[in-house]
Protein chains: 2
Amino acid sequence: MATIKDVAKEAGVSVATVSRAMNSSGYVHEDTLKKINRAIETLKYKPNETARTLYKKQSKIIGLLLPDISNPFFTVVARGVEDAALERGFHVVIGNSDQNRDKERQYIDTFRLHNCVGLISSALVWEDVLQYIQSSKMLHVMLDRIGETEYSVEADHYKGGVLQAECLLDNGCKNILVINGNMKFSSFKHRLEGAIHTLEESGAVFETLELNSEGVGHALLDQIRYKAYDGIICYNDLIAIQVMGLLQHNGVNVPGDVQVVGYDDIQISASYFPSLTTVRQPSYLLGRLACEQLIDLLNGKQVRKEIKIDVSLVERKSTRSE
Amino acid sequence: MATIKDVAKEAGVSVATVSRAMNSSGYVHEDTLKKINRAIETLKYKPNETARTLYKKQSKIIGLLLPDISNPFFTVVARGVEDAALERGFHVVIGNSDQNRDKERQYIDTFRLHNCVGLISSALVWEDVLQYIQSSKMLHVMLDRIGETEYSVEADHYKGGVLQAECLLDNGCKNILVINGNMKFSSFKHRLEGAIHTLEESGAVFETLELNSEGVGHALLDQIRYKAYDGIICYNDLIAIQVMGLLQHNGVNVPGDVQVVGYDDIQISASYFPSLTTVRQPSYLLGRLACEQLIDLLNGKQVRKEIKIDVSLVERKSTRSE
DNA sequence: GTGAAAGCGCTAACAA
DNA sequence: TTGTTAGCGCTTTCAC
């Protein structure tokens with residue numbers, strides 16, 4: 001692999017001039033520029049990122065820390081980040097924390113050790129890890145966790161929760177189960193608050209149940225039957241689909257007996273039968289915006305510190321709208 | 001961030017000794033070792049990966065090139081790779097090619113520029129790109145594309161195709177549609193061959209149809225109705241689920257009117273209603289093995305050049321087994 | 001056993 | 001406008 005020295009020799013100039021030409025920093029005569037470009041061409045030279053990074057103490061890598069890469073919602077977010085990064089000459093390293101503190105730490109370490117310029121995270125990021133990040137020079141943009149760091153991008157989850165509740169209420173549900181996720185995620189917390197507030201105001205009967213991703217089992221089915229819920233609000237589509245599957249496999253009709261509303265609008269929600277009514281988050285956009293915000297920040301541009309994105313209800317067949 | 005110099009000063013030795021101690025290369029007295037470890041501890045020193053990489057021309061990064069990160073099958077593969085890598089002190093950078101030649105090239109460039117030690121790829125990797133890889137010092141393990149490179153790990157797709165066909169045949173299907181993917185992927189090709197061979201031998205009536213990921217639309221529905229297929233073989237679960245959804249949304253009963261069999265056994269296939277009969281690929285294992293093979297190779301261990309993994313039929317409710 | 005010094009490929013003062 | 005040189009943090013000969 002050709003180095004800057006080879007290019008310099010080939011072009012008959014010094015390495016400094018080549019460097020200047022490449023980074024368009026400082027003067028370089030038009031003719032020398034041409035010679036250099038020709039040399040670069042013939043040698044197929046590409047500057048060594050590692051050497052650059054070592055000197056500048058800044059790589060062109062952005063770390064992306066996600067809580068669960070198996071969830072299609074996050075893969076779409078990741079694509080948004082990736083596309084925005086690539087367009088601007090940056091690269092993305094994806095880390096999957098599994099909501100596990102050690103994995104989180106480990107990834108932050110990795111990112112630091114590779115001199116990442118910045119970090120986009122949607123994982124929990126524990127207090128101590130957060131401090132650790134701040135002590136590094138990494139810029140940090142939070143996805144879906146407004147308020148806890150300086151910069152963040154998130155969807156309007158309170159509104160999302162309201163939409164979920166209104167949807168079931170409007171379709172005649174009187175006895176609702178709200179399945180919520182880990183309350184340490186503010187995004188889950190806000191959507192729950194929105195739903196509960198709406199439900200309380202309406203005077204409907206409802207209960208809440210905290211569930212982690214693996215938790216949909218027969219106990220839930222028994223409870224649903226015993227309590228005779230006629231509507232279920234789920235904190236994401238993956239759970240909603242599992243719940244619908246459980247119901248259907250046990251002879252409960254959706255939406256006939258029980259109506260179900262999800263959150264995220266992942267791709268499969270539209271193909272599922274019955275197709276899932278859900279709150280749509282612009283996941284790709286979320287990723288893009290977070291990445292753009294980070295890179296703008298890097299370039300010293302003025303950026304909005306907290307970006308909030310709208311969500312909307314997508315009515316499909318898992319609810320009975322008139 | 002502390003450097004090796006700081007540690008040396010703190011421990012009262014030279015940087016060379018610290019380096020030797022850290023890499024356990026060359027002699028270092030027990031007492032000095034203790035002093036050094038203490039210094040490392042108090043300074044919370046972590047060696048700078050970039051500097052290491054620059055000198056050794058080898059990073060601890062493994063590139064993983066995937067054709068479609070939205071497909072849950074690949075996220076599970078990625079986790080397998082990641083876990084195996086992390087256990088051995090390596091890191092993984094995921095690239096998403098979208099089956100696009102330019103993106104592929106771009107990622108290979110990225111990997112090279114970051115001095116990746118190796119590459120695991122499940123994407124197409126065009127001929128010219130393949131050459132480009134070979135000209136670098138990167139080791140290369142192929143996932144699911146046996147024969148085209150020296151090292152590979154793949155599931156027994158021919159058998160998988162046979163299992164798909166046998167399953168429908170055994171359940172009484174007489175008129176079968178085989179939906180196959182991009183024939184440039186040998187994994188798709190082999191499963192198609194297995195299915196066709198079995199179907200031909202049985203004397204059943206069947207047709208094939210090549211479909212790309214976005215392709216499930218109403219034209220397909222019309223064709224299914226017109227031809228009155230009673231069984232459909234799909235080249236992966238994502239397509240199978242889309243096909244089932246399309247059928248169900250249009251009043252065609254699965255498995256009553258048409259039986260469907262998928263391939264991969266992604267997570268959602270079990271929750272879907274009806275749950276999907278499919279060929280199970282050990283995706284996590286696939287990723288793990290590929291990564292282990294690569295790292296063994298790096299360490300100069302003897303490895304099997306082509307690893308083949310078994311697949312199995314998972315019978316569920318989208319087919320009518322007696 | 002240990003340290004001094006060179007060098008990995010690049011950038012950025014500083015001179016010329 | 002260009003070249004010389006030091007140095008980013010680390011590893012590794014090669015003396016001592």
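Here is how names work: the chains are called A, B, and so on, in the same order as the sequence lines, proteins then strands, and each is numbered from 1.
OP1 and OP2 of dT11(D) both lie 4.0 Å or more from every side-chain N or O belonging to R20(B). For the pair R52(A) and dG9(C), the criterion of a side-chain N or O lying under 4.0 Å from OP1 or OP2 is not met. Considering only side-chain N and O atoms, K5(B) lies nowhere under 4.0 angstrom from the phosphate OP1 or OP2 of dC10(D). Regarding contacts with the backbone of dT11(D), every side-chain N or O of K57(B) stays at 4.0 angstrom or more from both OP1 and OP2.
The interatomic distance linking M1(B) (CE) with dG9(D) (C1') rounds to 12 Å, in whole Å. Residue N23(A) contributes atom CG, which lies 11 Å from atom P of dC10(C) at whole-angstrom precision. dC8(C) atom P lies 19 Å from atom CD of E49(A), rounded to whole Å. Here dT11(D) presents its C1' atom at 5 Å from OH of Y55(B), a figure rounded to the nearest Å. Atoms NE2 (H114(B)) and C1' (dG9(C)) sit 14 Å apart, rounded to a whole Å. Residue Q58(B) contributes atom CD, which lies 19 Å from atom P of dC10(D) at whole-angstrom precision. Taking atom CG of residue L113(A) and atom C1' of nucleotide dC8(D), one finds them 15 Å apart after rounding to whole Å. Atom pair I4(A):CD1 and dG7(D):C1' shows a separation of 15 Å (rounding to whole Å applied).
When distances are taken from the side chain of H29(A) to each of dG9(D), dT2(D), dG9(C), the shortest belongs to dT2(D). For T17(B), the side-chain atoms get nearest to dT2(C) when compared with the rest of dT2(C), dG3(D), dC10(D). Considering only side-chain atoms of K56(A), the nucleotide from dA12(C), dG9(D), dT11(D) that sits closest is dA12(C). If you check dC8(D), dG1(C), dC10(D) against the side chain of Y27(B), the one that comes closest is dG1(C). Nearest to the side-chain atoms of L54(A) among the listed nucleotides dG3(D), dC8(D), dC10(D) stands dC8(D). With distances taken from any side-chain atom of Y45(A) to the nucleotides dT12(D), dT11(C), dC10(C), the minimum falls on dC10(C). Side-chain proximity of N48(A) to the nucleotides dC10(D), dA5(C), dG9(C) is greatest for dG9(C). Of the listed nucleotides (dT11(D), dA5(C), dT4(D)), dT4(D) has the atom at the smallest distance from the side chain of A16(A).
Using a 4.0 Å heavy-atom distance criterion, T3(B) is classed as a sugar-phosphate-only contact. Counting non-hydrogen atoms under 4.0 angstrom, T32(A) reaches the backbone sugars and phosphates but no base.
In terms of position on DNA chain C, the residue among A51(B) and S14(B) whose nearest nucleotide sits closer to the 5' end is S14(B).
Under a cut-off of 6.0 angstrom, the local environment of CD in E87(A) is crowded, with over 12 non-hydrogen atoms contributed by other residues, nucleotides or ligands.
Salt-bridge annotation for K301(A) and E292(A): absent, with no side-chain N of the basic residue lying under 4.0 Å from a carboxylate O of the acidic one. The pair K44(B)-D6(B) does not count as a salt bridge, with every side-chain nitrogen at least 4.0 angstrom from each carboxylate oxygen. Salt-bridge formation is detected for the pair D68(B)/R79(A): a Lys NZ or Arg NE/NH1/NH2 atom is positioned less than 4.0 Å from an Asp or Glu carboxylate oxygen.
Looking at Y132(A) and D109(A), their side chains do bring a donor and an acceptor atom within 3.5 Å of each other.
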Walk me through whether E49(B) and R52(B) qualify under salt bridge (charged side-chain N to carboxylate O under 4.0 Å, His left out).
CA-CA 5 Å; E49(B) 281 301 329; R52(B) 277 192 159 160; 3.7 Å; yes
